[in-house]
Protein chains: 2
Amino acid sequence: MRYKTIEEYIETIHVLELKHGRAQTGMIAARMRVRPPSITEMLGKLEREGLIRYESYTGATLTASGKAMARELMHTHKVIADLLEILGIDRTLAEADACQIEHHVSKETVARLEEFVKFARADEGTTDSIRRFRTGMP
Amino acid sequence: MRYKTIEEYIETIHVLELKHGRAQTGMIAARMRVRPPSITEMLGKLEREGLIRYESYTGATLTASGKAMARELMHTHKVIADLLEILGIDRTLAEADACQIEHHVSKETVARLEEFVKFARADEGTTDSIRRFRTGMP
DNA sequence: AGCCTCTTTTAGGTATACCTAATATTCTTC
DNA sequence: GAAGAATATTAGGTATACCTAAAAGAGGCT
């Protein structure tokens, strides 16, 4: 089995911080399906890397640098998921694929894909090729 | 630094087998930037998993199952790279991104993206939205 | 306040993908 | 065909992301 990446930890902490103000060991462990002692250990590493603030028995919050990483990941995720949906992939599947792909696309490519997503959205309502493809129209 | 995946080993062996009839430890090591002893070790693992045949001091070739994996990876790679190129990404960058993304897309999504690529190719020469987007025409 | 429960951390261990140094095998060239 | 060069394997070590079991800390209830 594959190990979780730092990015996955940061995303999880980000979501939990939004929902509960901070990310506690147990919550992270449950979401990521990793045992609490491994989380404690990883939180130490993330803190040493300057991505989170971490207080024992209390929980973690993202630093500015951690937030920047989370923001970028969320943005990439949205671009990829939107693109896949525009190309006719079911939203649930698009989200699942985006979760993986988001960690492996270059910034340059994301920028270009974002342009395409905007372009395609602007074409909504016309009967041009993207729409034809999506709807299966002749 | 990230570890190489089994899929990356299989792809490398596939390429070398095409070019030289078999993949030798040193060639794999050079391509993957991993030291020869690590390659020897990994070839043992790949053989135990039934993906390659491996003879000491001679080299490795893919089994049917290894070939199937290689074929699928190459197909996914092509679909992703073609898609990115259609969306205006430089071929070199598209190839580089495809190298990473190919390991993280679901089969279902690849199938749908392949349809889109075919559709867009069929539209070549027309002045519809995909083309407009790619060329930056009004 | 004190006890009990739940959560977290500490201690110690495993698996694995890498590495370097030393040894073994194969290839080349005379 | 033997010596030396090139390549591969073996032996032994490191780092790290996980784990389980045991100890420590925090919060609720009487």
Side-chain angles (χ1 to χ4, degrees), chain A residues 1-17 19-62 66 69-70 73 99-100 102-104, chain B residues 1-17 19-62 66 69-70 73 99-100 102-104:
Chain A
M1 249 296 259
R2 216 198 80 240
Y3 289 146
K4 306 293 189 277
T5 62
I6 286 182
E7 289 183 354
E8 289 173 294
Y9 280 95
I10 293 302
E11 277 183 307
T12 302
I13 292 165
H14 173 71
V15 169
L16 289 170
E17 196 182 341
K19 209 188 282 186
H20 301 104
R22 69 200 157 136
Q24 287 175 299
T25 304
M27 308 189 302
I28 305 173
R31 276 208 167 230
M32 299 189 72
R33 300 167 164 279
V34 168
R35 300 279 169 210
S38 310
I39 302 297
T40 300
E41 199 176 329
M42 189 51 94
L43 292 181
K45 182 183 170 184
L46 296 177
E47 184 169 48
R48 282 192 300 281
E49 296 196 7
L51 293 166
I52 64 169
R53 273 172 299 274
Y54 169 52
E55 217 181 332
S56 264
Y57 293 102
T58 298
T61 53
L62 296 178
M69 183 183 280
L73 283 166
C99 266
Q100 299 304 308
E102 67 185 89
H103 305 292
H104 305 278
Chain B
M1 247 294 260
R2 216 199 80 240
Y3 289 145
K4 305 292 188 279
T5 63
I6 285 182
E7 289 184 353
E8 289 174 293
Y9 279 94
I10 293 301
E11 277 184 306
T12 303
I13 292 165
H14 172 72
V15 169
L16 290 170
E17 197 182 339
K19 210 190 279 186
H20 301 104
R22 69 201 158 138
Q24 287 175 299
T25 303
M27 308 188 302
I28 305 173
R31 277 208 167 230
M32 300 190 72
R33 297 166 166 280
V34 168
R35 299 280 170 210
S38 311
I39 301 297
T40 300
E41 198 175 328
M42 189 51 93
L43 292 182
K45 182 183 170 185
L46 296 177
E47 184 169 47
R48 282 192 299 282
E49 296 195 8
L51 293 166
I52 63 168
R53 272 172 300 272
Y54 169 52
E55 217 180 332
S56 263
Y57 293 102
T58 298
T61 54
L62 296 178
M69 182 183 281
L73 283 167
C99 266
Q100 299 303 310
E102 65 185 89
H103 304 293
H104 305 278

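The distance from atom CZ of B:R35 to atom P of D:dT7 is 14 Å, rounded to the nearest whole Å. The interatomic distance linking A:E55 (CD) with D:dG25 (P) rounds to 15 Å, in whole Å. At whole-Å resolution of the value, CE in B:M27 and P in D:dA6 are 18 Å apart. Atoms NZ (B:K45) and C1' (C:dT16) sit 8 Å apart, rounded to a whole Å. The CD1 atom of A:I39 sits 15 Å away from the C1' atom of D:dT16 (whole-angstrom rounding). In this structure, A:E41 places its CD atom 10 Å from P of D:dC19, rounding to the nearest Å. Atom NZ in B:K4 sits about 10 Å away from atom C1' in C:dC18, given to the nearest Å. The CZ-P distance, from A:R22 to C:dT7, rounds to 13 Å in whole Å.
Checking D:dA17, D:dA21, C:dT8 against the side-chain heavy atoms of A:Y3 singles out D:dA17 as nearest. Ranking C:dT9, C:dT25, C:dC18 by closeness to the B:Y57 side chain, first place goes to C:dT25. The nucleotide whose nearest atom lies closest to any side-chain atom of B:T40 is, among D:dA17, D:dA8, C:dC19, D:dA8. The listed nucleotides are C:dT9, D:dA17, C:dC18; the one nearest the side chain of A:P36 is C:dT9. For A:V34, the side-chain atoms get nearest to D:dC18 when compared with the rest of C:dT10, D:dC18, C:dT8. The B:P37 side chain lies nearest to C:dT20 when the options are C:dT20, C:dA17, C:dA24.
Both A:S56 and A:R33 sit near DNA chain D, but only A:R33 has its closest nucleotide nearer the 5' end.
Within 6.0 Å of the CD atom in A:E55, the count of heavy atoms belonging to other residues, nucleotides or ligands does not exceed 12.
Contacts of A:T25 with the nucleic acid, taken as non-hydrogen atoms under 4.0 Å apart, involve only primed sugar atoms and P, OP1 or OP2. Backbone-only contact: A:Q24 has heavy atoms under 4.0 Å from sugar-phosphate atoms and none from a base.
Salt-bridge formation is not detected for the pair B:E8/B:R31: no Lys NZ or Arg NE/NH1/NH2 atom is positioned less than 4.0 Å from an Asp or Glu carboxylate oxygen.
Put simply, the side chain of B:R53 never gets that close to the backbone of B:A60: no donor and acceptor are under 3.5 Å apart. Under a 3.5 Å cut-off, the side chain of B:E17 and the backbone N or O of B:L62 do form a donor-acceptor pair.
OP1 or OP2 of C:dC19 has at least one side-chain nitrogen or oxygen of B:S38 nearer than 4.0 Å.
Side-chain atoms of A:S38 and A:E41 include no donor-acceptor pair closer than 3.5 Å.
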